[in-house]
**Student:** 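This is the structure I want to talk about, given as C-alpha coordinates.
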2 protein chains.
Amino acid sequence: MNILEQADAAETRPCTSVGQLIAALGKTAMRRFAAALEPAGIKPRHLNALLSLRAGETSQQGLAEAIKVDSVQLVGLLNDLESEGLVERRRDPADRRRHIVAISCKGEQRLVALDAAVDEVDDGLLAGLDPHERGVLHGLLLRIAANADGDTATPCPSETDGASPD
Amino acid sequence: MNILEQADAAETRPCTSVGQLIAALGKTAMRRFAAALEPAGIKPRHLNALLSLRAGETSQQGLAEAIKVDSVQLVGLLNDLESEGLVERRRDPADRRRHIVAISCKGEQRLVALDAAVDEVDDGLLAGLDPHERGVLHGLLLRIAANADGDTATPCPSETDGASPD
DNA sequence: TATTGTTATACTCTATAACTATA
DNA sequence: TATAGTTATAGAGTATAACAATA
(Lines give C-alpha, C1' and ligand atoms only; values in the text may rest on other atoms or scores of the structure.)
Protein backbone atom coordinates (compact mmCIF):
# COMPACT_ATOMS: atom_id res chain seq x y z
CA MET A 1 0.00 0.00 0.00
CA ASN A 2 1.64 3.23 -1.06
CA ILE A 3 1.20 6.62 0.45
CA LEU A 4 -1.51 7.73 -1.93
CA GLU A 5 -3.75 4.70 -1.51
CA GLN A 6 -3.33 5.10 2.21
CA ALA A 7 -4.55 8.66 1.94
CA ASP A 8 -7.74 7.53 0.22
CA ALA A 9 -8.33 4.94 2.90
CA ALA A 10 -7.95 7.56 5.58
CA GLU A 11 -10.33 9.90 3.81
CA THR A 12 -13.34 7.97 5.08
CA ARG A 13 -14.34 10.29 7.95
CA PRO A 14 -12.06 9.15 10.75
CA CYS A 15 -12.78 9.28 14.44
CA THR A 16 -9.81 11.42 15.39
CA SER A 17 -9.47 14.57 13.31
CA VAL A 18 -6.16 15.69 11.85
CA GLY A 19 -6.06 18.65 14.20
CA GLN A 20 -6.63 16.47 17.24
CA LEU A 21 -3.96 14.12 16.01
CA ILE A 22 -1.53 17.00 15.64
CA ALA A 23 -2.42 18.23 19.12
CA ALA A 24 -1.89 14.78 20.66
CA LEU A 25 1.33 14.12 18.78
CA GLY A 26 2.54 17.60 19.63
CA LYS A 27 2.18 16.78 23.30
CA THR A 28 4.07 13.52 22.81
CA ALA A 29 6.82 15.30 20.89
CA MET A 30 7.07 17.99 23.53
CA ARG A 31 7.37 15.41 26.30
CA ARG A 32 10.13 13.59 24.44
CA PHE A 33 12.04 16.77 23.69
CA ALA A 34 11.78 17.79 27.31
CA ALA A 35 13.11 14.39 28.38
CA ALA A 36 15.93 14.49 25.82
CA LEU A 37 16.98 18.01 26.82
CA GLU A 38 16.77 17.40 30.54
CA PRO A 39 20.33 15.97 30.83
CA ALA A 40 21.56 19.19 29.22
CA GLY A 41 19.77 21.17 31.92
CA ILE A 42 17.50 23.04 29.55
CA LYS A 43 13.92 22.84 28.28
CA PRO A 44 12.41 23.01 24.81
CA ARG A 45 11.89 26.77 25.12
CA HIS A 46 15.56 27.34 25.83
CA LEU A 47 16.41 25.37 22.74
CA ASN A 48 13.93 27.38 20.67
CA ALA A 49 15.49 30.59 21.91
CA LEU A 50 19.00 29.39 21.04
CA LEU A 51 17.90 28.23 17.61
CA SER A 52 16.29 31.55 16.89
CA LEU A 53 19.36 33.43 18.06
CA ARG A 54 21.56 31.28 15.87
CA ALA A 55 19.91 32.98 12.92
CA GLY A 56 20.96 36.38 14.29
CA GLU A 57 20.77 38.62 17.32
CA THR A 58 17.67 40.62 18.15
CA SER A 59 15.99 42.55 20.89
CA GLN A 60 14.14 40.63 23.57
CA GLN A 61 10.87 41.75 22.10
CA GLY A 62 11.89 40.49 18.68
CA LEU A 63 12.97 37.17 20.12
CA ALA A 64 9.76 36.86 22.10
CA GLU A 65 7.77 37.32 18.92
CA ALA A 66 9.94 34.89 16.96
CA ILE A 67 9.56 31.98 19.36
CA LYS A 68 6.04 32.93 20.45
CA VAL A 69 6.95 33.31 24.10
CA ASP A 70 5.57 36.13 26.18
CA SER A 71 8.23 38.81 26.68
CA VAL A 72 7.54 38.56 30.41
CA GLN A 73 8.33 34.88 30.40
CA LEU A 74 11.34 35.43 28.20
CA VAL A 75 13.11 37.32 30.98
CA GLY A 76 13.56 34.27 33.18
CA LEU A 77 14.34 32.15 30.14
CA LEU A 78 17.22 34.43 29.16
CA ASN A 79 18.38 34.62 32.77
CA ASP A 80 18.80 30.84 32.68
CA LEU A 81 20.70 30.92 29.39
CA GLU A 82 22.81 33.89 30.41
CA SER A 83 23.77 32.37 33.76
CA GLU A 84 25.13 29.39 31.85
CA GLY A 85 26.96 31.67 29.46
CA LEU A 86 24.99 30.49 26.44
CA VAL A 87 23.70 33.93 25.49
CA GLU A 88 24.75 37.51 26.15
CA ARG A 89 22.67 40.60 26.78
CA ARG A 90 23.91 44.08 25.99
CA ARG A 91 22.30 47.49 25.68
CA ASP A 92 21.37 48.76 22.25
CA PRO A 93 23.41 52.00 21.81
CA ALA A 94 20.75 53.33 19.47
CA ASP A 95 17.96 52.84 22.00
CA ARG A 96 19.16 52.24 25.51
CA ARG A 97 15.84 50.74 26.55
CA ARG A 98 16.54 47.74 24.36
CA HIS A 99 18.58 44.69 25.21
CA ILE A 100 20.31 43.09 22.26
CA VAL A 101 20.43 39.34 22.83
CA ALA A 102 23.05 37.25 21.07
CA ILE A 103 24.09 33.63 21.27
CA SER A 104 27.59 33.14 22.67
CA CYS A 105 30.34 30.92 21.31
CA LYS A 106 29.61 28.45 24.09
CA GLY A 107 25.96 28.64 23.14
CA GLU A 108 26.73 27.72 19.54
CA GLN A 109 28.80 24.78 20.69
CA ARG A 110 26.06 23.62 23.01
CA LEU A 111 23.64 23.85 20.12
CA VAL A 112 25.67 21.31 18.15
CA ALA A 113 25.25 18.71 20.89
CA LEU A 114 21.61 19.67 21.22
CA ASP A 115 21.03 19.18 17.51
CA ALA A 116 22.06 15.57 17.96
CA ALA A 117 19.53 15.14 20.77
CA VAL A 118 16.85 16.69 18.60
CA ASP A 119 17.66 14.36 15.74
CA GLU A 120 17.38 11.40 18.08
CA VAL A 121 13.91 12.42 19.20
CA ASP A 122 12.90 13.02 15.60
CA ASP A 123 14.14 9.60 14.68
CA GLY A 124 12.17 7.98 17.46
CA LEU A 125 8.99 9.86 16.56
CA LEU A 126 9.24 9.13 12.85
CA ALA A 127 10.47 5.57 13.26
CA GLY A 128 7.59 4.19 11.22
CA LEU A 129 8.25 6.44 8.22
CA ASP A 130 10.88 6.07 5.53
CA PRO A 131 13.02 9.07 4.55
CA HIS A 132 10.80 10.02 1.66
CA GLU A 133 7.66 9.94 3.76
CA ARG A 134 9.41 12.06 6.35
CA GLY A 135 10.15 14.59 3.67
CA VAL A 136 6.53 14.62 2.56
CA LEU A 137 5.36 15.07 6.12
CA HIS A 138 7.87 17.84 6.72
CA GLY A 139 6.74 19.71 3.64
CA LEU A 140 3.09 19.50 4.62
CA LEU A 141 3.76 20.62 8.17
CA LEU A 142 5.85 23.56 6.98
CA ARG A 143 2.97 24.72 4.85
CA ILE A 144 0.57 24.46 7.76
CA ALA A 145 2.99 26.38 9.94
CA ALA A 146 3.38 29.05 7.28
CA ASN A 147 -0.37 29.38 7.06
CA ALA A 148 -0.86 29.57 10.83
CA ASP A 149 2.28 31.60 11.37
CA GLY A 150 0.61 34.11 13.64
CA ASP A 151 -0.09 31.35 16.14
CA THR A 152 2.86 29.03 15.80
CA ALA A 153 6.40 29.28 17.13
CA THR A 154 8.76 29.22 14.16
CA PRO A 155 12.36 29.72 15.25
CA CYS A 156 13.54 29.88 11.64
CA PRO A 157 10.70 31.23 9.49
CA SER A 158 13.08 32.03 6.66
CA GLU A 159 13.06 28.36 5.69
CA THR A 160 9.31 28.35 5.47
CA ASP A 161 9.05 29.71 1.94
CA GLY A 162 12.27 28.10 0.82
CA ALA A 163 10.34 25.40 -1.02
CA SER A 164 8.65 28.10 -3.12
CA PRO A 165 5.18 26.50 -3.22
CA ASP A 166 3.53 26.38 -6.66
CA MET B 1 5.14 21.53 -8.03
CA ASN B 2 3.55 18.38 -6.71
CA ILE B 3 3.76 16.97 -3.24
CA LEU B 4 6.65 14.63 -3.98
CA GLU B 5 8.94 17.26 -5.51
CA GLN B 6 8.16 19.46 -2.56
CA ALA B 7 9.32 16.68 -0.26
CA ASP B 8 12.69 16.55 -1.99
CA ALA B 9 13.05 20.30 -1.60
CA ALA B 10 12.35 20.04 2.11
CA GLU B 11 14.86 17.23 2.53
CA THR B 12 17.75 19.69 2.55
CA ARG B 13 18.45 19.73 6.30
CA PRO B 14 15.96 22.29 7.58
CA CYS B 15 16.37 24.51 10.59
CA THR B 16 13.27 23.33 12.40
CA SER B 17 13.03 19.57 12.77
CA VAL B 18 9.85 17.64 12.03
CA GLY B 19 9.42 16.85 15.70
CA GLN B 20 9.77 20.47 16.71
CA LEU B 21 7.33 21.41 14.01
CA ILE B 22 4.84 18.88 15.33
CA ALA B 23 5.33 20.16 18.86
CA ALA B 24 4.78 23.79 17.81
CA LEU B 25 1.79 22.99 15.64
CA GLY B 26 0.37 20.80 18.38
CA LYS B 27 0.39 23.76 20.70
CA THR B 28 -1.31 25.90 18.09
CA ALA B 29 -3.92 23.23 17.47
CA MET B 30 -4.53 22.81 21.19
CA ARG B 31 -5.02 26.54 21.64
CA ARG B 32 -7.50 26.68 18.80
CA PHE B 33 -9.44 23.68 20.03
CA ALA B 34 -9.58 25.20 23.50
CA ALA B 35 -10.88 28.45 22.03
CA ALA B 36 -13.42 26.66 19.85
CA LEU B 37 -14.71 24.53 22.72
CA GLU B 38 -14.85 27.37 25.23
CA PRO B 39 -18.35 28.54 24.20
CA ALA B 40 -19.54 24.99 24.87
CA GLY B 41 -18.10 25.21 28.36
CA ILE B 42 -15.68 22.33 27.96
CA LYS B 43 -12.00 21.81 27.21
CA PRO B 44 -10.15 19.53 24.81
CA ARG B 45 -9.81 16.88 27.50
CA HIS B 46 -13.53 16.72 28.01
CA LEU B 47 -13.99 16.27 24.30
CA ASN B 48 -11.41 13.49 24.23
CA ALA B 49 -13.21 11.72 27.04
CA LEU B 50 -16.56 11.99 25.28
CA LEU B 51 -15.07 10.77 22.01
CA SER B 52 -13.52 7.79 23.71
CA LEU B 53 -16.76 6.97 25.47
CA ARG B 54 -18.67 7.18 22.21
CA ALA B 55 -16.78 4.06 21.20
CA GLY B 56 -18.10 2.24 24.27
CA GLU B 57 -18.32 2.43 28.05
CA THR B 58 -15.36 1.51 30.25
CA SER B 59 -14.04 1.79 33.75
CA GLN B 60 -12.40 5.04 34.77
CA GLN B 61 -9.06 3.34 34.70
CA GLY B 62 -9.66 2.13 31.18
CA LEU B 63 -10.77 5.56 30.09
CA ALA B 64 -7.76 7.17 31.73
CA GLU B 65 -5.48 4.88 29.77
CA ALA B 66 -7.34 5.44 26.51
CA ILE B 67 -7.11 9.21 26.55
CA LYS B 68 -3.75 9.29 28.34
CA VAL B 69 -5.03 11.28 31.30
CA ASP B 70 -3.97 10.46 34.82
CA SER B 71 -6.76 8.62 36.63
CA VAL B 72 -6.45 11.20 39.41
CA GLN B 73 -7.11 14.00 37.00
CA LEU B 74 -9.89 12.09 35.34
CA VAL B 75 -12.00 12.34 38.49
CA GLY B 76 -12.55 16.07 38.19
CA LEU B 77 -12.95 15.75 34.45
CA LEU B 78 -15.80 13.28 34.84
CA ASN B 79 -17.31 15.37 37.63
CA ASP B 80 -17.60 18.22 35.14
CA LEU B 81 -19.15 16.04 32.48
CA GLU B 82 -21.48 14.31 34.91
CA SER B 83 -22.69 17.56 36.44
CA GLU B 84 -23.75 18.62 32.95
CA GLY B 85 -25.41 15.28 32.37
CA LEU B 86 -23.10 14.36 29.51
CA VAL B 87 -21.84 11.13 31.08
CA GLU B 88 -23.09 8.74 33.72
CA ARG B 89 -21.19 6.79 36.35
CA ARG B 90 -22.49 3.57 37.83
CA ARG B 91 -21.00 0.81 39.93
CA ASP B 92 -19.76 -2.31 38.23
CA PRO B 93 -21.86 -5.15 39.73
CA ALA B 94 -19.02 -7.59 39.10
CA ASP B 95 -16.51 -5.48 41.04
CA ARG B 96 -18.07 -2.80 43.18
CA ARG B 97 -14.82 -0.88 43.36
CA ARG B 98 -15.14 -0.01 39.71
CA HIS B 99 -17.14 2.79 38.18
CA ILE B 100 -18.49 2.12 34.73
CA VAL B 101 -18.53 5.35 32.77
CA ALA B 102 -20.88 5.77 29.83
CA ILE B 103 -21.80 8.67 27.60
CA SER B 104 -25.41 9.82 28.01
CA CYS B 105 -27.92 10.57 25.30
CA LYS B 106 -27.39 14.26 25.95
CA GLY B 107 -23.67 13.65 25.71
CA GLU B 108 -24.02 12.07 22.28
CA GLN B 109 -26.11 15.00 21.10
CA ARG B 110 -23.56 17.46 22.43
CA LEU B 111 -20.88 15.55 20.60
CA VAL B 112 -22.59 16.20 17.29
CA ALA B 113 -22.37 19.96 17.81
CA LEU B 114 -18.81 19.55 19.03
CA ASP B 115 -17.85 17.61 15.92
CA ALA B 116 -18.80 20.67 13.89
CA ALA B 117 -16.55 22.86 16.02
CA VAL B 118 -13.71 20.36 15.61
CA ASP B 119 -14.17 20.34 11.85
CA GLU B 120 -14.00 24.09 11.80
CA VAL B 121 -10.70 24.14 13.66
CA ASP B 122 -9.35 21.43 11.38
CA ASP B 123 -10.38 23.46 8.37
CA GLY B 124 -8.62 26.52 9.70
CA LEU B 125 -5.46 24.61 10.49
CA LEU B 126 -5.32 22.81 7.16
CA ALA B 127 -6.46 25.79 5.10
CA GLY B 128 -3.35 25.65 2.94
CA LEU B 129 -3.80 21.99 2.00
CA ASP B 130 -6.14 20.48 -0.56
CA PRO B 131 -8.29 17.46 0.37
CA HIS B 132 -5.83 14.96 -1.04
CA GLU B 133 -2.91 16.45 0.85
CA ARG B 134 -4.97 16.42 4.00
CA GLY B 135 -5.55 12.73 3.48
CA VAL B 136 -1.85 12.10 3.00
CA LEU B 137 -1.05 14.07 6.14
CA HIS B 138 -3.69 12.23 8.10
CA GLY B 139 -2.33 8.87 7.03
CA LEU B 140 1.21 9.78 8.00
CA LEU B 141 0.16 11.15 11.37
CA LEU B 142 -1.90 8.06 12.10
CA ARG B 143 1.14 5.91 11.49
CA ILE B 144 3.26 8.03 13.79
CA ALA B 145 0.57 7.85 16.44
CA ALA B 146 0.36 4.08 16.05
CA ASN B 147 4.09 3.83 16.46
CA ALA B 148 4.20 6.09 19.51
CA ASP B 149 0.96 4.75 20.89
CA GLY B 150 2.28 4.30 24.37
CA ASP B 151 2.84 8.04 24.64
CA THR B 152 0.02 9.51 22.62
CA ALA B 153 -3.63 10.03 23.46
CA THR B 154 -5.67 8.16 20.85
CA PRO B 155 -9.38 8.32 21.67
CA CYS B 156 -10.17 5.88 18.88
CA PRO B 157 -7.16 3.63 18.37
CA SER B 158 -9.23 1.04 16.52
CA GLU B 159 -9.04 3.18 13.40
CA THR B 160 -5.28 3.23 13.56
CA ASP B 161 -4.57 -0.01 11.73
CA GLY B 162 -7.30 0.40 9.17
CA ALA B 163 -9.59 -2.13 10.81
CA SER B 164 -13.22 -1.07 10.59
CA PRO B 165 -15.13 -2.52 13.55
CA ASP B 166 -18.91 -2.64 13.05
C1' DT C 1 3.17 59.95 27.29
C1' DA C 2 4.79 55.56 25.13
C1' DT C 3 7.98 51.68 25.06
C1' DT C 4 11.56 48.00 26.85
C1' DG C 5 12.55 45.21 30.17
C1' DT C 6 11.59 43.64 34.83
C1' DT C 7 9.12 42.05 39.03
C1' DA C 8 5.12 40.39 41.51
C1' DT C 9 0.84 37.96 41.49
C1' DA C 10 -2.64 34.73 40.33
C1' DC C 11 -4.59 31.11 37.69
C1' DT C 12 -4.30 26.67 35.18
C1' DC C 13 -2.28 22.21 34.37
C1' DT C 14 0.13 18.36 36.03
C1' DA C 15 2.34 15.05 39.25
C1' DT C 16 2.66 12.85 44.03
C1' DA C 17 1.05 11.10 48.34
C1' DA C 18 -2.44 9.76 51.34
C1' DC C 19 -7.31 8.24 52.29
C1' DT C 20 -11.94 5.12 51.48
C1' DA C 21 -14.18 1.24 50.10
C1' DT C 22 -14.06 -2.84 48.11
C1' DA C 23 -11.65 -7.27 46.80
C1' DT D 1 -2.46 -7.07 51.03
C1' DA D 2 -3.84 -5.09 46.63
C1' DT D 3 -6.90 -2.37 43.61
C1' DA D 4 -10.44 1.56 42.00
C1' DG D 5 -11.64 5.73 42.93
C1' DT D 6 -11.22 9.99 45.57
C1' DT D 7 -9.08 13.95 47.91
C1' DA D 8 -5.42 17.22 49.15
C1' DT D 9 -1.26 19.39 48.09
C1' DA D 10 2.77 21.05 45.69
C1' DG D 11 5.15 22.02 41.35
C1' DA D 12 5.57 23.78 36.64
C1' DG D 13 3.60 26.61 33.00
C1' DT D 14 1.04 30.65 31.65
C1' DA D 15 -1.30 35.12 31.71
C1' DT D 16 -2.13 39.87 33.84
C1' DA D 17 -0.88 44.05 36.28
C1' DA D 18 2.23 47.21 38.09
C1' DC D 19 6.98 49.28 38.21
C1' DA D 20 11.76 51.45 36.60
C1' DA D 21 14.50 53.27 32.97
C1' DT D 22 14.58 55.41 28.63
C1' DA D 23 12.68 57.60 24.55
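Values below: all heavy atoms of this structure, side chains included; hydrogens, waters and symmetry mates excluded. Each chain gets a letter, A, B and so on, in the order its sequence line appears, and its residues count up from 1.
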**Student:** Can a side chain N or O of B:R31 be found less than 4.0 Å away from OP1 or OP2 on C:dT12?
**Tutor:**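 Checking C:dT12 against B:R31, no side-chain N or O comes under 4.0 Å of OP1 or OP2.
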**Student:** Given atom CG of A:D92 and atom C1' of C:dT4, what is their separation to the nearest angstrom?
**Tutor:**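 Those two atoms, CG and C1', are 11 Å apart.
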**Student:** Which heavy atom of B:G128 sits nearest a heavy atom of A:R143, and at what distance?
**Tutor:**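 Result for this residue pair: O-NH2, 2.9 Å.
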**Student:** For B:D80 and C:dC13, what is the distance between atoms CG and P respectively, to the nearest whole Å?
**Tutor:**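 Nearest whole value for this atom pair: 10 Å.
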**Student:** Count the heavy atoms belonging to other residues, nucleotides or ligands that lie under 6.0 Å from CD of A:E108, then report whether that count exceeds 12.
**Tutor:**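 Yes, enclosed.
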**Student:** On DNA chain C, does the nearest nucleotide to B:A94 precede the nearest nucleotide to B:V72 from the 5' side, or the other way round? Give the residue.
**Tutor:**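 Its nearest nucleotide lies further toward 5', so the answer is B:V72.
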**Student:** Check whether any side-chain N or O of A:Q61 sits under 4.0 Å from OP1 or OP2 of C:dT4, and answer yes or no.
**Tutor:**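 True: A:Q61 side-chain N/O within range (under 4.0 Å) of C:dT4 OP1/OP2.
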**Student:** What distance separates B:I67 CD1 from B:E65 CD, expressed to the nearest 0.5 Å?
**Tutor:**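 Output value for this atom pair is 11.0 Å.
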**Student:** Considering just the side-chain nitrogens and oxygens of A:Q60, establish if one lies under 4.0 Å of OP1 or OP2 belonging to C:dT6.
**Tutor:**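 Checking A:Q60 against C:dT6: at least one side-chain N or O falls below 4.0 Å of OP1 or OP2.
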**Student:** Rounded off to whole Å, could you give me the CG-to-P distance for the B:L78 and D:dT7 pair?
**Tutor:**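 Interatomic distance, CG of B:L78 to P of D:dT7: 12 Å.
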**Student:** Answer yes or no: does a side-chain N or O of A:K27 lie under 4.0 Å from OP1 or OP2 of C:dC13?
**Tutor:**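 No, outside the criterion.
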**Student:** What's the closest nucleotide to the side chain of B:H99 if the choices are D:dT16, C:dT6, D:dT6?
**Tutor:**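 My answer, after comparing the listed nucleotides, is D:dT6.
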**Student:** Tell me whether the OP1 or OP2 atom of D:dA12 has a side-chain N or O from A:K43 closer than 4.0 Å.
**Tutor:**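 So the side chain of A:K43 is outside the cut-off, no N or O lying under 4.0 Å from OP1 or OP2 of D:dA12.
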**Student:** What does B:D95 touch in the nucleic acid at a heavy-atom separation under 4.0 angstrom: a base, only the sugar-phosphate, or nothing?
**Tutor:**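 Counting heavy atoms under 4.0 Å across all strands, the contact made by B:D95 is with sugar-phosphate only.
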**Student:** May I have the distance from A:L63 (atom CG) to C:dT6 (atom P), rounded to whole angstrom?
**Tutor:**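 Distance check: A:L63 CG to C:dT6 P gives 12 Å.
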**Student:** Taking CE from B:M30 and C1' from C:dC13, how many angstroms apart are they, rounded to a whole number?
**Tutor:**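 In whole Å, C:dC13 C1' lies 11 Å from B:M30 CE.
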**Student:** I need the CD-P distance between B:E38 and C:dT12, as an integer number of Å.
**Tutor:**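 Computing the B:E38:CD to C:dT12:P distance gives 11 Å.
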**Student:** Is it true that, when you exclude A:E38 itself, more than 12 heavy atoms of the residues, nucleotides or ligands shown sit nearer than 6.0 Å to its CD?
**Tutor:**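 No.
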**Student:** Rounding to a whole Å, what distance do you find between B:L77:CG and C:dT14:C1'?
**Tutor:**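 Going from CG in B:L77 over to C1' in C:dT14 covers 13 Å.
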**Student:** Look at B:R97 and D:dA2 and indicate whether a side-chain polar atom (N or O) is within less than 4.0 Å of OP1 or OP2.
**Tutor:**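 No, because none of the side-chain N or O atoms of B:R97 sits under 4.0 Å from OP1 or OP2 of D:dA2.
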**Student:** Can you find an N or O donor on one side and an acceptor on the other, under 3.5 Å apart, linking the side chain of A:R96 with the base of D:dT22?
**Tutor:**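 Checked by distance alone, the answer is no.
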**Student:** Starting from the 5' end of DNA chain D, give me the residue, B:R91 or A:R45, whose nearest nucleotide shows up first.
**Tutor:**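 The answer here is B:R91.
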**Student:** B:H46 has an atom NE2; how far is it from atom C1' of C:dT12, in whole Å?
**Tutor:**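 Value for this atom pair: 13 Å.
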**Student:** Once you apply a heavy-atom cut-off of 4.0 Å, does A:R89 come out as touching a base, just sugar-phosphate, or nothing?
**Tutor:**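 Sugar-phosphate only.
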**Student:** At under 4.0 Å, does any side-chain N or O of A:K68 touch on OP1 or OP2 of D:dA15?
**Tutor:**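 No, A:K68 has no side-chain N/O under 4.0 Å of OP1/OP2 on D:dA15.
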**Student:** Taking CZ in A:R96 as the centre, count heavy atoms belonging to other residues, nucleotides or ligands within less than 6.0 Å. Is the count above 12?
**Tutor:**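 Count not over threshold, so no.
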**Student:** Please lay out, stage by stage, how B:L51 and A:T16 fare under the test side-chain contact (heavy atoms from CB on, under 4.5 Å).
**Tutor:** CA-CA 8 Å; B:L51 284 171; A:T16 304; over 6 Å; no
**Student:** Side-chain N or O of A:R98 less than 4.0 angstrom from OP1 or OP2 on C:dT4?
**Tutor:**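 For C:dT4, OP1 or OP2 has a side-chain N or O of A:R98 closer than 4.0 Å.
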